[in-house]
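The sequence lines fix the lettering, A, B, ..., with proteins before strands; numbering per chain opens at 1. Bear in mind that the values here come from a model prediction, so they are computed numbers and not experimental data.
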Number of protein chains: 2
Amino acid sequence: MTNKNHPCANCSFYEQSLWRPVAGANMSTLARNFTRREMEAGSVLYHQGAPSDGVYCVSRGLFAIRSFGPDGSSSLLRLAYPGELIGYRAFLTGRDHRTEAQALLPSRVCVVAQRDAKQVVRACPEVLTRLAVRCADELDLCHDRIQEAARSPNKERLAQLLEQLMAAHGTKDGRFERMHLPISRQDLADILGVQPETLSRLIKRLQSEGRLRTSGRWIEMPGPMQKHVI
Amino acid sequence: MTNKNHPCANCSFYEQSLWRPVAGANMSTLARNFTRREMEAGSVLYHQGAPSDGVYCVSRGLFAIRSFGPDGSSSLLRLAYPGELIGYRAFLTGRDHRTEAQALLPSRVCVVAQRDAKQVVRACPEVLTRLAVRCADELDLCHDRIQEAARSPNKERLAQLLEQLMAAHGTKDGRFERMHLPISRQDLADILGVQPETLSRLIKRLQSEGRLRTSGRWIEMPGPMQKHVI
DNA sequence: CGTGAAGTTGATGTATCTCAATTGTCGTGG
DNA sequence: CCACGACAATTGAGATACATCAACTTCACG
């Protein structure tokens, strides 16, 4: 049996796909209940407090996973790029979403509805293994973030964050890299856990140190440094 | 078939046990390769960077899950109480431990070695489901912590932390609760992500506000407040 | 070309870090 | 039982970082 019927077969993340191990009869189940959903920038995939209605795989674009406090304050817990899985925590635990997922760019997600996902997972434990591993990976990222927050000052954390964003969204331009920031200053501040005014001043400091140049949402940074042999 | 042969049958956390769904032939496998390990306070269950050698379930005592930075700085990522699972991240992903687990009190863990755990999980997917759910739960805790760090000031976070510790380790004494802190000031500081000097001053402030009294590792706090109807 | 939201700047108070010095705690051996 | 040392914890002083509030500017967009 070839996998040309696999709904993820044409996806560029097929090999890493959560659903990759699905085969046989389950593949038909999966194919039948598998939908793509196009989303415009700014629209929300699922809201905080909503019940789980399935598992989502980002196929194109970019999502922000946010959490809002009772007082209206917001945290940006992670960004989800194509190939990443979102909404699986609520699926795994059966509890409501504790975060909201908002598209930051025109995006596409592949959706497997709750009931069908459960059925496929039951029939194909290898899928569950992959799911658990992704969960463990995200746990690592959280741990890293907690440690970074305790270790490096916010200015350095911002520089790191911008480098990561540059790697994902930047284009080379001579010795410099340039990008259009996919997220607002407020979101940047929410990632670092500081106020927007503070973020603005952190950026100014990095700028005065010659580590970047900004103009609105455009940011320019010197490319990855050459390593010198001392 | 009764479950009197189940190695976790006598554990007070049996119903919630990861291995609870194991039955039949797998139960014998589990029972054969199941060991208990007593640990004295201060000893280390696994080191950061060590390869995974199984899954551990805390049966008695208390463990600190720590991470050390390249510069020697430490973070305390979580405390693990009886009934909780530790070391499963390395088991799930097959990568090395990124944290170390140290007993803070005389403790006991139940160990299922790598190879056997894998075999049982393969034969009994319900175990994997439970494992994934625990992972998702820990992810929630991490998210909560990141948000708390961004929202509440460190003084309030310390007060919350002490209340949690009091709930776990305190004993009522009239209108007050009293406990012997199971962790050092350095560890408390590592949980909050502040320096020990700052922690000392935060405690002093709480003390001057009458919210607690300390003497070495002994801490006394007024019990849970009566709710007043306005 | 106005209008509202997003972003910036300034001024000021609070919180935290850092380094150094001091005090306290606990186990050990005299 | 006490003295002692090693380490944990506290305190002080000064510098740095961040929050807050208000005013201002820039930007996106109709």
Side-chain angles (χ1 to χ4, degrees), chain A residues 40-42 64 66 69 71-76 102 104-106 146-159 161-162 180-209 212-219, chain B residues 40-43 64 66 69 71-76 102 104-106 147-159 161-162 180-209 212-219:
Chain A
E40 56 187 27
R66 290 205 184 82
D71 55 350
S73 65
S74 62
S75 302
L76 207 169
Q102 183 190 32
L104 295 173
L105 303 172
I146 290 173
Q147 292 167 56
E148 278 305 308
R151 287 196 238 286
S152 4
N154 287 335
K155 189 179 67 167
E156 291 311 316
R157 291 208 295 142
L158 172 59
L161 174 57
L162 290 177
H180 181 84
L181 262 185
I183 65 182
S184 68
R185 299 286 205 263
Q186 177 68 58
D187 282 340
L188 277 178
D190 283 347
I191 293 177
L192 296 179
V194 300
Q195 298 304 117
E197 297 95 324
T198 300
L199 178 79
S200 181
R201 287 167 179 130
L202 289 175
I203 290 178
K204 197 160 60 160
R205 277 208 282 160
L206 286 176
Q207 210 155 183
S208 74
E209 293 172 12
L212 57 80
R213 283 193 320 203
T214 65
S215 164
R217 281 204 173 189
W218 286 96
I219 295 200
Chain B
E40 55 188 27
S43 55
R66 290 205 185 82
D71 56 349
S73 64
S74 62
S75 302
L76 207 168
Q102 184 190 32
L104 295 174
L105 303 171
Q147 293 167 54
E148 277 304 307
R151 290 195 185 108
S152 2
N154 286 336
K155 190 179 68 169
E156 291 311 316
R157 292 208 294 142
L158 172 60
L161 174 58
L162 290 177
H180 182 83
L181 262 185
I183 64 181
S184 69
R185 297 288 205 263
Q186 177 69 57
D187 282 341
L188 277 178
D190 283 347
I191 293 177
L192 296 179
V194 300
Q195 298 303 117
E197 296 96 325
T198 299
L199 178 79
S200 182
R201 289 169 179 130
L202 289 174
I203 290 178
K204 196 161 58 161
R205 278 207 281 159
L206 286 176
Q207 209 155 183
S208 73
E209 295 172 11
L212 56 80
R213 284 193 321 204
T214 66
S215 164
R217 282 204 172 189
W218 286 97
I219 295 199

Less than 4.5 Å apart, side chain to side chain, heavy atoms only: is that true for Val194(A) and Leu158(A)?
no

Exam field: side chain [X] to backbone [Y], donor-acceptor pair closer than 3.5 Å:
| X | Y | answer |
| --- | --- | --- |
| Glu148(B) | Arg157(B) | no |
| Arg151(A) | Ser73(B) | yes |
| Arg185(B) | Leu199(B) | no |
| Gln147(B) | Gly69(A) | no |

Which whole-number value in Å describes the distance from [X] [atom1] to [N] [atom2]?
| X | N | atom1 | atom2 | result |
| --- | --- | --- | --- | --- |
| Leu181(B) | dC26(C) | CG | C1' | 16 Å |
| Asp71(A) | dT20(D) | CG | P | 11 Å |
| Trp218(B) | dG24(C) | CH2 | C1' | 18 Å |
| Ile203(A) | dT26(D) | CD1 | P | 17 Å |
| Leu188(A) | dC18(D) | CG | P | 15 Å |
| Arg205(B) | dT10(D) | CZ | P | 15 Å |
| Glu156(B) | dA15(C) | CD | C1' | 14 Å |
| His180(A) | dC27(D) | NE2 | P | 13 Å |

Taking for Leu199(A) and for Arg201(B) the nucleotide of DNA chain C with the nearest heavy atom, the one nearer the 5' end belongs to Leu199(A)

Taking only side-chain N and O atoms of Arg185(B), does any of them lie within less than 4.0 angstrom of OP1 or OP2 on dT10(D)?
yes

Any Asn154(B) side-chain nitrogen or oxygen under 4.0 Å from OP1 or OP2 of dT16(C)
yes

Side-chain contact check for Thr198(A): nearest option of dT8(C), dC18(D), dT16(C) is dC18(D)

Given dT18(C), dT9(C), dA15(C), the nucleotide with the shortest approach to the side chain of Gln195(B)
dT18(C)

Base, sugar-phosphate alone, or nothing: which one does [X] contact when heavy atoms must sit under 4.0 Å apart?
| X | result |
| --- | --- |
| Lys155(B) | nothing |
| Leu202(A) | sugar-phosphate |
| Glu197(A) | base |

